[in-house]
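Each ligand, and each atom within it, is numbered from 1 in the order the structure gives.
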Amino acid sequence: MKSYITHLECSATGKVYPADEVHNLSEVGKPLLVKYDLDKMKSDLTRENWCVESAPGFWRYQALLPVSRNESRISLGEVLTPLVPLKKSAALLGGIEGNIIVKDEGRLPTGSFKARGLCLAVSMAHQLGLRHLAIPTNGNAGAALAAYAKHAGMKATVFCPDDTPLINVQEIQLQGADTYLVNGLINDCGKIVLAGKEETGWFDVSTLKEPYRIEGKKTMGFELAEQLDWKMPDAIFYPTGGGTGLIGMWKAFAELKTLGWLTGKLPKMIAIQSSGCAPIVKAFNEGLDHAPLWEDAYTVASGIRVPIAIGDFLILQAIRQSNGCALAVDDEQIMETRDLIAKQDGLLLCPEGAATAAGYQAAIEKNIISPGDQVILFNCATGLKYPMPPATKSIDKNAAIDYQQFI
Ligand SMILES: *Cc1c(COP(=O)(O)O)cnc(C)c1O
């Protein structure tokens, strides 16, 4: 199916940029957003027939994605990610069974939702004829870039903080990217990518510094609309680092509203951060439009250890427009909540996903939402990539076994 893309627009000034050229940020250093001919689309298609049923996962939404050449739609077998309601743990978090639903993004290629954004960024890079892509990453974005770039026949160079979980660093390298550890945080890695642009000729695919990762992430909003039969939940809890997914979903809802396909109230967008790195929470509470650099950022939830976000004003706008808020939770709460949900319900979340569940509990306690509200928690990666508590019990096969212990 054809793409209804028309042009790009600066998110700060609205200045128009052509769609078929290579872009990073706008002239004023702000993210560029993709625009579509929604009027034309509305007259051509309906809510019932706009999806390409035979396409893998989010590629079903290709009318509202920027790629126009079929051979540039790179795929590693994307899937529509399932909605899994919490059972026993729902009440333990202060809610009601059936009302707390996890969107489990860990089922995507490379085990995280970074696949959505990087699949689109690599596909557009392919369409525009780019050959070499570079990225700063806390792990999952680098893995997704490595996999999709190799699949598309491109070179990838990846810079990670030197305390990035080893499994992430190794999966990035094994999937063919030239991989480097940097003695700094993700924003330091980002500076290296930016500074090397002229000399290496690589294209910078940092979050929101190119226009297409957000288009991939927005498909979470389309999926939710379809899966919930076009009735939005009361709130969405999103573990917020660079904020691409939160901004992306808000953009998706706006597009569906303009098409007239989504009616009624939109969800409160609730950004969850760790108290060790909470620049958006601080800016939200202080009523600021931008979030200054968070010093000495630390959290076990490495995917949300982002001390400064270029799309900060877009995150804050989406939260405020949706009547949502931003909440911080401690690392200790995050890990306790991960363990609780795994043990009670058999659902292994990543720490970032567990942070949204801890954030839910905090929102209930603060009366921001009520137990009767239907909420979506985003589990953005498979829990299998993160350290787990040791298993210590053993059996001696040569000794008499006391079977009473198993009852
Ligand atoms: C990147 C990442 C996030 C944060 O996503 P943004 O859209 O960049 O805010 C959350 N959780 C995990 C597991 C991630 O990899």
Side-chain angles (χ1 to χ4, degrees), residues 31 81 102-118 120-121 135-145 147 158 160-161 164-165 167-169 171-172 185-187 189-190 205-210 212-221 236-252 269-274 277-281 291 294 297 299-312 314-316 318-319 326 329 334 338 348-359 377-386:
T81 61
V102 174
K103 185 146 174 74
D104 191 3
E105 296 282 295
R107 322 285 178 107
L108 285 161
T110 71
S112 88
F113 73 170
K114 291 295 193 300
R116 293 183 190 264
L118 273 311
L120 261 292
I135 197 168
T137 180
N138 282 325
N140 289 327
L145 174 68
V158 176
C160 324
T164 301
I167 190 163
N168 288 121
V169 181
E171 63 171 331
I172 295 167
L185 295 181
I186 189 167
N187 49 317
C189 297
V205 286
S206 303
T207 303
L208 288 168
K209 288 190 185 167
E210 61 76 56
Y212 307 113
R213 282 175 65 176
I214 181 175
E215 293 303 292
K217 285 269 193 91
K218 89 179 175 187
T219 61
M220 296 188 290
I236 291 177
F237 286 75
Y238 188 82
T240 306
T244 328
L246 194 148
I247 302 165
M249 278 191 277
W250 198 241
K251 182 173 190 283
M269 302 301 284
I270 303 188
I272 304 298
Q273 298 197 303
S274 163
C277 180
I280 299 296
V281 178
W294 186 276
T299 166
V300 285
S302 46
I304 53 175
R305 192 177 62 167
V306 179
I308 187 154
I310 185 147
D312 54 0
L314 298 172
I315 303 172
L316 289 160
I319 295 171
V329 290
I334 291 176
R338 183 211 43 187
L348 180 58
L349 304 180
C350 62
E352 298 81 355
T356 65
L377 309 181
F378 266 88
N379 182 52
C380 303
T382 170
L384 293 171
K385 288 200 202 190
Y386 299 81

Using a 4.0 Å cutoff against the non-hydrogen atoms of [X], which atoms of ligand 1 qualify?
{"X": "Ala381", "value": "13 (C)"}
{"X": "Tyr386", "value": "13 (C)"}
{"X": "Thr240", "value": "9 (O)"}
{"X": "Gly245", "value": "7 (O)"}

Does [X], backbone or side chain, put an N or O under 3.5 Å from an N or O of ligand 1?
{"X": "Lys114", "value": "yes"}
{"X": "Tyr238", "value": "yes"}
{"X": "Gly241", "value": "yes"}
{"X": "Thr207", "value": "no"}

Original post:
Can Glu352 and Tyr386 be counted as having a side-chain donor-acceptor contact under 3.5 angstrom?
Top reply: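 Judged by distance alone, the side chains do pair up.
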
Original post:
Are a donor atom and an acceptor atom from the side chains of Thr299 and Arg305 found within less than 3.5 Å of each other?
Top reply: no

Subject >> Under 3.5 Å: donor-acceptor pair, side chain of Asn379, backbone of Glu105 >> reply: no

**OP:** Using modelled atom types only, decide if a donor and an acceptor are shared between the side chain of Asp312 and the backbone of Ile280 within a distance under 3.5 Å.
**Re:** no

Subject >> From Gly242, Gly383, Cys380 - option closest to atom 12 (C) of ligand 1 by heavy atom >> reply: Cys380

**OP:** Calculate, to the nearest 0.5 Å, the distance between atoms NZ and CG belonging to Lys385 and Asn140 respectively.
**Re:** 4.0 Å

**OP:** Please name all residues satisfying salt bridge (charged side-chain N to carboxylate O under 4.0 Å, His left out) with Lys209, sequence neighbours left out, ordered by chain then number.
**Re:**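 By the salt bridge (charged side-chain N to carboxylate O under 4.0 Å, His left out) rule, Lys209 matches no residue at all.
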
Sub-4.0 Å heavy-atom contact, [X] with ligand 1:
{"X": "Phe113", "result": "yes"}
{"X": "Lys217", "result": "yes"}
{"X": "Ser112", "result": "no"}

Original post:
Of the backbone atoms (N, CA, C, O) and the side-chain heavy atoms from C-beta on, which set of Ile304 has a member under 4.0 Å from an atom of ligand 1: side chain, backbone, both, or neither?
Top reply: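 Just the side chain.
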
Original post:
Counting only heavy atoms, which portion of Asn140 has something under 4.0 Å from ligand 1: side chain, backbone, both, or neither?
Top reply: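 The part of Asn140 near ligand 1 is the side chain, not the backbone.
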
**OP:** Under the side chain to side chain donor-acceptor pair (under 3.5 Å) rule, collect the residues that match up with Asn187, sequence neighbours excluded.
**Re:** none

**OP:** Salt-bridge test for Lys251 and Glu215: reply yes if a basic N is under 4.0 Å from a carboxylate O, no otherwise.
**Re:** yes

Subject >> Nearest atoms (heavy-atom pairs only) where Arg213 meets Leu118 >> reply: NE-CD2, 3.7 Å

